[in-house]
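Worksheet: the structure to be examined is printed underneath.
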Amino acid sequence: MSTETFSITVFRGDGIGVDVTNSAIEVLDAVQTDVGGFRLQYEYLHAGAGYFRETGKDIAPGAEAKAGSADAIYLGAIGLPGVRHEDGTEISPHLRLRDQFELYAGVRPVKAYPNTPRRLSDPRAAEIDLIVLRESTEGLFYSAAVHDRSVVIGDDEVRDILRITRPTTEKLHDFAFELARKRKAQGSGQGLVTCVDKANVFRSMAFFRKVFDERAAKFPDIERAYNYVDAQALDLIRQPWAFDVLVTENMFGDILSDLAGGLVGGMGMAACAEIGDHHGLFQPAHGSAPDIMGQDWANPLAAILSGALMLDYLGDNSGNNKLYEAARQIEHAVYHGFSTQRIRPMEFGGDMGTHAVTTELLDILRTSRQ
Ligand code: ATP
């Protein structure tokens, strides 16, 4: 069997980003050895607040270009308390990468695993399996990626701009419908895309919905629905099991994905893929969690499941089915670990820190092979 090699740029970043990235790489290495037919070749580069404190730069020289020519980018988490730019904003080279590589599709799966904390008592909470698809290059974060896009009028007023463009919005909605189609085919989704906006108030949001309707016409097999973002927040508490793919603006998606992540445990389960036409960046949706860093306490599963999303992306781009096989192995091992209670993260009141969860998952992968 021939072995296809994929280059991965890895930024471990700051705080727990370093530990959870190491866990994800260990798991990726285990599945690639087992499945075969592909090889991940990592290049580790510096970026983040720790690096900024040492060098005055938020990313290593030349790292953006290297990341741009890699098959995928993997990132831990970035940010440290007290390390800021002069204007008080956080060190955020990852926002620039999103912008520069046009990673418009922020894919945030929200899935209930057995024996993880349920915030809702309704038994249907066990069925939660949805995706928050967060547009990630424009919306209200348009000004955040590049500072001079904000309008600062002396010390009296600051305006951030919410930008919605047709090309990005068309691609985003197409991505949403295609994702719903893929999930339906895999048996994990209902074939439903909900457009989450505030079309009753903002012209930008009415435009977002108009483009949604235009693109929906190309996907007659997929059902469409609409929800205002405030009603969506309510519905994520009242009936999260009723949703499949939620497509939304950047800031709304930022907030709703944390809310939805909280329903199925916490940030330690929140995986994330940021995908553009030519690049993909994979990272846990959580930050560097300074409150728990250096304590071997963090749950590495968001990072590990983000690694599985990266394998799916590489599979989509290359047509190499071995990558899908490896991604499913990771997901099944996580599911099996929770259902048998072999995985008990401290985040959920269990007795396992970062290393213990990783070791157990590796053991599940090993034993499932025998
Ligand atoms: P950012 O703005 O970069 O998202 P933040 O400080 O707002 O960062 P997180 O770093 O995501 O947010 O942390 C939010 C909370 O979730 C913290 O209390 C943190 O301890 C917890 N948390 C985050 N990631 C994990 C994890 N992998 N395991 C356990 N707890 C986590």
Side-chain angles (χ1 to χ4, degrees), residues 95 98-99 102-108 110 130-146 148-153 157-181 183-184 189-240 242-261 272-277 285:
L95 297 187
R98 259 184 212 165
D99 193 60
E102 298 178 19
L103 307 175
Y104 58 86
V107 181
R108 302 189 162 202
V110 178
L130 61 88
I131 304 275
V132 178
L133 180 62
R134 167 189 175 185
E135 196 292 314
S136 302
T137 56
E138 42 190 46
L140 195 51
F141 277 71
Y142 173 70
S143 304
V146 178
D148 59 12
R149 287 182 187 154
S150 297
V151 179
V152 180
I153 305 168
E157 185 174 332
V158 179
R159 295 179 200 156
D160 287 320
I161 296 160
L162 194 162
R163 181 181 195 228
I164 302 292
T165 68
R166 172 171 283 283
T168 301
T169 310
E170 285 184 349
K171 287 192 288 189
L172 178 78
H173 290 319
D174 284 356
F175 191 102
F177 285 109
E178 273 155 19
L179 183 60
R181 191 178 265 170
R183 281 166 55 81
K184 192 176 170 189
Q190 314 151 37
L192 168 68
V193 181
T194 306
C195 182
V196 180
D197 56 43
K198 194 72 184 166
N200 51 336
V201 176
F202 296 107
R203 288 172 68 180
S204 57
M205 293 286 101
F207 179 60
F208 187 83
R209 187 180 287 205
K210 180 175 105 139
V211 178
F212 176 78
D213 281 333
E214 288 170 12
R215 305 314 282 185
K218 287 201 312 170
F219 302 89
D221 52 320
I222 302 300
E223 226 186 302
R224 76 180 115 150
Y226 312 88
N227 220 348
Y228 296 132
V229 64
D230 42 345
Q232 187 63 60
L234 183 66
D235 278 343
L236 277 173
I237 303 299
R238 279 203 307 208
Q239 45 165 357
F243 298 98
D244 181 3
V245 176
L246 303 173
V247 62
T248 193
E249 180 272 336
N250 205 341
M251 184 69 169
F252 294 163
D254 186 32
I255 298 168
L256 291 181
S257 56
D258 274 26
L259 168 68
C272 175
E274 300 192 349
I275 297 176
D277 290 342

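Hydrogens, waters and symmetry mates are skipped; everything else that's a heavy atom, side chains included, is used. Positions are given from 1 along the sequence.
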Between E157 and R159, is there a donor-acceptor pair closer than 3.5 Å when you use the side chain of the first and the backbone of the second? no
Note, F175 side chain near V247 side chain (heavy atom, < 4.5 Å): no
Do the non-hydrogen side-chain atoms of M205 and I164 ever get within less than 4.5 Å of each other? yes
Identify the heavy atoms of I222 and G191 that sit nearest to each other, and give their distance. CG2-O, 3.5 Å
Look at E223 together with K184 and state whether they make a salt bridge at an N to O cut-off of under 4.0 Å. no
All side chain to side chain donor-acceptor pair (under 3.5 Å) counterparts of D213, not counting sequence neighbours: R224, Y226
Is there a side-chain contact between F219 and E178, using heavy atoms and a 4.5 Å cut-off? yes
Going by heavy atoms in the side chains, are S143 and I161 under 4.5 Å from each other? yes
What I want to find out is whether D230 reaches K198 closely enough, with some N-O distance under 4.0 Å, to be called a salt bridge. yes
Side chain proximity check, L192 to T194, heavy atoms < 4.5 angstrom: yes
Hey, could you give me the CE/CD distance between M251 and E135, rounded to the nearest 0.5 Å? 14.0 Å
Side-chain donor-acceptor pair present, T168, E170, cut-off under 3.5 Å: no
Nearest heavy-atom pair of V196 and T248: which atoms, and what distance? O-OG1, 2.9 Å
Nearest 0.5 Å, what's the CG-CG distance between L179 and L133? 6.5 Å
Side-chain contact, heavy-atom cut-off 4.5 Å: D197 with E249? no
So for atom NZ, which belongs to K210, do other residues, nucleotides or ligands contribute more than 12 heavy atoms lying within a distance under 6.0 Å? no
Are more than 12 heavy atoms from other residues, nucleotides or ligands located less than 6.0 Å from atom CD of Q190? yes
Grab the two heavy atoms, one from S150 and one from D160, that are nearest each other, plus how far apart they are. OG-OD1, 2.6 Å
So that I can tick it off, tell me whether D174 and K171 are bridged by a salt bridge, with the cut-off set at under 4.0 angstrom between side-chain N and carboxylate O. no
Side chain to side chain donor-acceptor pair (under 3.5 Å) partners for R203, two or more places apart: none
Out of curiosity, D254 CG to F141 CZ, how far, rounded to the nearest 0.5 Å? 4.0 Å
What heavy-atom pair brings L236 and A260 nearest, and what distance separates the two atoms? CD1-CB, 4.4 Å
Check whether the ring centres of F177 and F212 lie less than 6.0 Å apart, and answer yes or no. yes
Closest contact, heavy atoms only, C195 versus R209: SG-CA, 4.2 Å
Testing the basics here: between D244 and A180, what is the closest heavy-atom pair and its distance to 0.1 Å? OD2-CB, 4.4 Å
Less than 4.5 Å apart, side chain to side chain, heavy atoms only: is that true for Y142 and L162? no
Are I275 and L103 side-chain neighbours, meaning at least one heavy-atom pair lies under 4.5 Å? no
Judged by atom type as modelled, is there a donor-acceptor pair below 3.5 Å linking the side chain of H173 to the main-chain atoms of F208? yes
For T165, does its backbone N or O pair with a side-chain atom of E138 as donor and acceptor, under 3.5 Å? yes
